[in-house]
Amino acid sequence: MRNLNEECGVFGVWNHSNANQITYFGLHSLQHRGQEGAGIVVSNGERLTGHRDEGLIAEVFKDNAKLDKLTGNAAIGHVRYATCGSGGVHNVQPFLFHFHDMSVGICHNGNLVNATSLRKSLEEDGAIFHSSSDTEVMMHLIRRSKASTFEEKFKESLNVVKGGFTYLMLTKDALYGAVDPNSLRPLVIGQMKNGAYVVSSETCAFHVVGAKYIQSVQAGEYVVITNDGIRTEKYTTDTTVAISAMEYVYFARPDSKIAGVNVHTSRKKAGRLLAKESPAVQADMVIGVPNSSLSAATGYAEESGLPYEMGLIKNQYVARTFIQPTQELRDQGVRMKLSAVEDVVSGKSVVMVDDSIVRGTTSKRIVQILKEAGAREVHVRIASPEFLFPIFYGIDVSNSAELISAHKTVQEVCEYIGADSLEFLSVEGLIDAIGLTFDAPYKGLCMECFTGDYPAGLYDYETRYLSGLTPIQKNYLANHKQYFNREGKQYV
Ligand code: 5GP
Ligand code: MG
């Protein structure tokens with residue numbers, strides 16, 4: 001099975017004379033969503049041109065001339081994050097296709113769960129793929145559709161792909177954006193003072209370009225932006241809101257709003273509820289792990305009445321540790337990234353709040369760093385539930401083998417990371433902290449990695465998932481029968 005999960009950032013603009021620069025700035029503020037590759041495609045109303053490469057957006061366009069050449073009034077861009085083995089410039093987006101009758105730029109955030117089978121049937125039907133990315137599947141579906149207009153073809157294709165996705169597409173006449181039927185991956189629309197429309201994975205990109213938020217693209221919707229204005233349409237009514245909880249827990253920037261909820265506020269509340277559920281009365285202070293858990297740590301400190309201290313410092317010039325492909329490099333990455341402030345923690349009992357434990361590498365290293373700096377006790381508190389199940393809709397965790405909580409009990413994980421105590425936020429606590437109010441399971445969140453409940457189904461991943469279930473995962477599913485796969489299948 002190909003393993004090409006992608007959690008990325010997308011940005012687009014329509015009707016702005018500096019479309020290239022606006023997109024560059026937008027992508028720059030989405031850089032936390034992917035550091036492996038970046039690209040921009042622009043349209044001048046007649047022709048589409050693009051540039052893409054591996055690396056950070058600032059590296060890809062280090063040579064100003066590369067950005068200056070992309071002149072036009074509309075653009076889409078992408079920052080990419082992908083797992084090892086799937087690198088290479090062929091997979092960097094946006095893709096730009098030149099057909100005899102039109103050109104199309106396309107980029108995608110998320111992961112399709114039926115891409116492998118779609119690709120197989122498309123290939124049997126004569127399609128030739130140029131990359132190993134899911135994004136190309138959409139283009140083939142559109143080109144093969146018998147529907148009469150480009151928009152109708154797109155609409156039809158959106159009903160064929162399954163999983164978590166947002167797509168942006170650019171033609172000389174329009175900018176399109178689409179969101180999956182569960183709105184797993186967010187997409188928001190804003191407007192600039194001069195009237196230009198922008199679309200983005202996160203609202204944090206609006207601040208930087210001076211745009212105002214106007215609306216989100218909802219589950220099962222697409223948006224079409226042309227010189228006549230903006231129009232949103234439904235491509236399916238078979239929708240259930242299930243926004244990825246991980247966007248709030250870890251992925252999104254704290255200043256972004258998703259479905260009206262500020263990410264920082266939700267993290268802080270998660271920290272508060274964690275302090276209520278799992279206090280650490282004997283501790284001297286609370287410390288966060290920069291940057292991802294700082295919001296939760298301040299919430300924990302406020303609720304518990306313990307001082308919030310700066311016990312760890314992050315070297316801001318090291319990219320996220322997940323982008324390192326091997327465990328050995330990952331171990332090294334954590335050390336490069338974080339140092340303890342000895343004068344703060346020495347001789348003290350500290351509560352270390354982090355946002356999540358995936359493989360356990362980060363927590364283990366941090367406990368070790370704190371103990372080396374003289375901390376007497378380290379009580380680890382995690383502002384999300386145990387990460388028990390793989391994520392198939394985007395984000396780099398599609399394998400149970402890598403999930404420490406799928407293999408070890410809380411007590412065993414505690415011993416593994418060398419902490420004096422370890423507690424996780426409850427599933428209910430996280431739902432409460434985020435505070436969505438949709439009339440849907442988990443109030444509109446996708447909690448698959450905590451509950452094994454996959455709102456968009458599993459498709460090509462089902463066999464591998466089922467055969468790889470660990471005793472801990474099976475036990476969880478057996479004890480939580482209310483959590484089911486939305487296709488009606490119960491996995492125990
Ligand atoms: P671990 O070392 O346990 O595998 O990783 C957990 C840490 O990595 C957390 O501190 C979290 O902030 C960070 N992290 C980096 N990328 C991801 C991701 O894609 N998902 C999650 N949940 N955490 C991530
Ligand atoms: Mg972190």
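Excluded from the calculations below are hydrogen atoms, water molecules and symmetry mates; all remaining heavy atoms, backbone and side chain alike, are included. Sequence positions, counted from 1, serve as the residue numbers for this chain.
Between Y24 and F61, the ring planes are perpendicular. Angles over 60° get that label, and only those under 30° would be called parallel.
Residues Y459 and Y461 place their aromatic rings such that the two centres sit no closer than 6.0 Å. Residues Y176 and F150 bring their aromatic ring centres within 6.0 Å.
Partner of E221 under the side chain to side chain contact (heavy atoms under 4.5 Å, CB included) criterion, out of D180, T232, L187, V179: T232 alone. Screening N109, V79, T166 for a side chain to side chain contact (heavy atoms under 4.5 Å, CB included) involving C8 leaves a single residue, N109.
The shortest distance between side-chain heavy atoms of V199 and L175 falls below 4.5 Å. At a threshold of 4.5 Å between non-hydrogen side-chain atoms, the residues I431 and M447 count as touching. Under the 4.5 Å side-chain criterion, counting only non-hydrogen atoms from C-beta, F438 is in contact with I243. Side-chain atoms of I214 and Y197, non-hydrogen and from C-beta on, do get closer than 4.5 Å to each other. Residues Y465 and F389 have side chains in contact (heavy-atom distance under 4.5 Å, counting atoms from C-beta outward). You'll find the side chain of L158 reaches within 4.5 Å of the side chain of M138, heavy atoms only. The closest side-chain heavy-atom distance from S384 to L425 is not below 4.5 Å. The shortest side-chain heavy-atom distance between T171 and S103 does not fall under the 4.5 Å cut-off.
At most 12 non-hydrogen atoms from other residues, nucleotides or ligands lie less than 6.0 angstrom from NZ of K212. Within 6.0 Å of CE in M102 there are more than 12 heavy atoms belonging to other residues, nucleotides or ligands. Under a cut-off of 6.0 angstrom, the local environment of CG in N315 is crowded, with over 12 non-hydrogen atoms contributed by other residues, nucleotides or ligands.
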**Study point:** Step-by-step salt bridge (charged side-chain N to carboxylate O under 4.0 Å, His left out) determination, R231 to E151
**Key:** CA-CA 12 Å; R231 174 164 60 83; E151 185 174 334; 2.9 Å; yes
* **D101 and R143: CA distance, side-chain angles, deciding distance, salt bridge (charged side-chain N to carboxylate O under 4.0 Å, His left out) verdict** => CA-CA 11 Å; D101 52 349; R143 289 303 289 186; 3.1 Å; yes
- request: Dump the intermediate steps for side chain to side chain contact (heavy atoms under 4.5 Å, CB included) on L436 and L445, then the final yes or no.
  value: CA-CA 8 Å; L436 298 185; L445 288 173; 3.5 Å; yes
Walk me through whether E302 and K268 qualify under salt bridge (charged side-chain N to carboxylate O under 4.0 Å, His left out).
CA-CA 9 Å; E302 275 183 25; K268 190 163 176 189; 2.8 Å; yes
Before you tell me yes or no, could you show the steps for I366 and L338 under side chain to side chain contact (heavy atoms under 4.5 Å, CB included), namely the whole-Å CA-CA distance, both residues' side-chain angles and the distance that decides it to 0.1 Å?
CA-CA 8 Å; I366 295 169; L338 290 165; 3.7 Å; yes
Test H140 against F129 for ring pair (Phe, Tyr, Trp, His ring centres under 6.0 Å), laying out the working first. CA-CA 9 Å; H140 280 284; F129 283 86; 4.3 Å; yes
Stepwise, does the side chain to side chain contact (heavy atoms under 4.5 Å, CB included) test hold for Y248 with V261?
CA-CA 9 Å; Y248 293 98; V261 173; 3.9 Å; yes
> When you look at E46 and K172, which way does the salt bridge (charged side-chain N to carboxylate O under 4.0 Å, His left out) test go after all the steps?
Replying inline: CA-CA 6 Å; E46 285 171 20; K172 68 182 180 45; over 6 Å; no
Q | Pair H108-V10, side chain to side chain contact (heavy atoms under 4.5 Å, CB included): steps then yes or no | A | CA-CA 7 Å; H108 167 227; V10 296; over 6 Å; no
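At least one donor-acceptor pair closer than 3.5 Å links the side chain of S145 to the backbone N or O of A147. Listed for the S256 side chain is a donor-acceptor partner under 3.5 Å among the backbone atoms of C204. Of the possible donor and acceptor atoms, one in the side chain of R80 sits under 3.5 Å from a partner among the backbone N and O of N91. Without hydrogens or angle criteria, N73 side chain to V13 main chain gives no donor-acceptor distance under 3.5 Å. The main-chain N or O of T240 is found under 3.5 Å from a side-chain atom of N182 such that the two form a donor-acceptor pair. Under the 3.5 Å distance criterion, the side-chain polar atoms of R52 are matched with a main-chain donor or acceptor of V89. Side chain of E59 to backbone of L56: a donor-acceptor contact under 3.5 angstrom is found. Under the 3.5 Å distance criterion, the side-chain polar atoms of N15 are left unmatched by any main-chain donor or acceptor of A196. No donor-acceptor distance shorter than 3.5 angstrom exists from the side chain of D134 to the backbone of N111, with no hydrogens or angles considered. Although no hydrogens or angles enter the test, the distance criterion places a donor-acceptor pair under 3.5 Å between the side chain of Q31 and the main chain of I57.
Rounding to the nearest 0.5 Å gives a distance of 6.5 Å between OG1 of T203 and CG of D255. Remark: R144 CZ to K153 NZ distance equals 11.5 Å, nearest 0.5 Å. Once rounded to the nearest 0.5 Å, the distance linking CD1 of I258 with OG of S266 reads 7.5 Å. Rounding to the nearest 0.5 Å gives a distance of 6.0 Å between CD of E136 and CZ of F95. Rounding to the nearest 0.5 angstrom, the gap separating the CZ atom in F11 from the CD1 atom in I40 is 9.5 Å. Within the model, atoms CG of D63 and CG of D53 stand 11.5 Å from one another, a figure rounded to the nearest 0.5 Å.
A pairwise comparison of heavy atoms in D238 and T236 identifies N-OG1, 2.9 Å as the closest pair. Closest approach of R267 to S295, counting heavy atoms only: CB-CB, 3.5 Å. The minimum heavy-atom distance linking A38 with V60 is given by the pair O-CG1, 3.7 Å. For the residue pair P94 and V41, the shortest heavy atom distance occurs at CB-CG2, 3.8 Å. Listed here is the closest heavy atom pair of T226 and A174: CG2-CB, 3.7 Å. Across every non-hydrogen atom of L168 and G12, the tightest pair is CD1-N, 3.8 Å.
Side-chain atoms of H16 and Q21 include no donor-acceptor pair closer than 3.5 Å. For the 3.5 Å distance criterion, the side chains of S183 and Q218 fail to qualify, holding no donor opposite an acceptor. A donor atom on one side chain and an acceptor atom on the other are found under 3.5 Å apart for S117 and D460.
A cation-pi geometry, defined here as NZ or CZ lying under 6.0 Å from the six-membered ring centre and within 45° of its normal, does not hold between R185 and Y393. Geometrically, R33 does not engage Y81 in a cation-pi contact, judged by NZ or CZ lying under 6.0 Å from the ring centre and within 45° of the ring axis.
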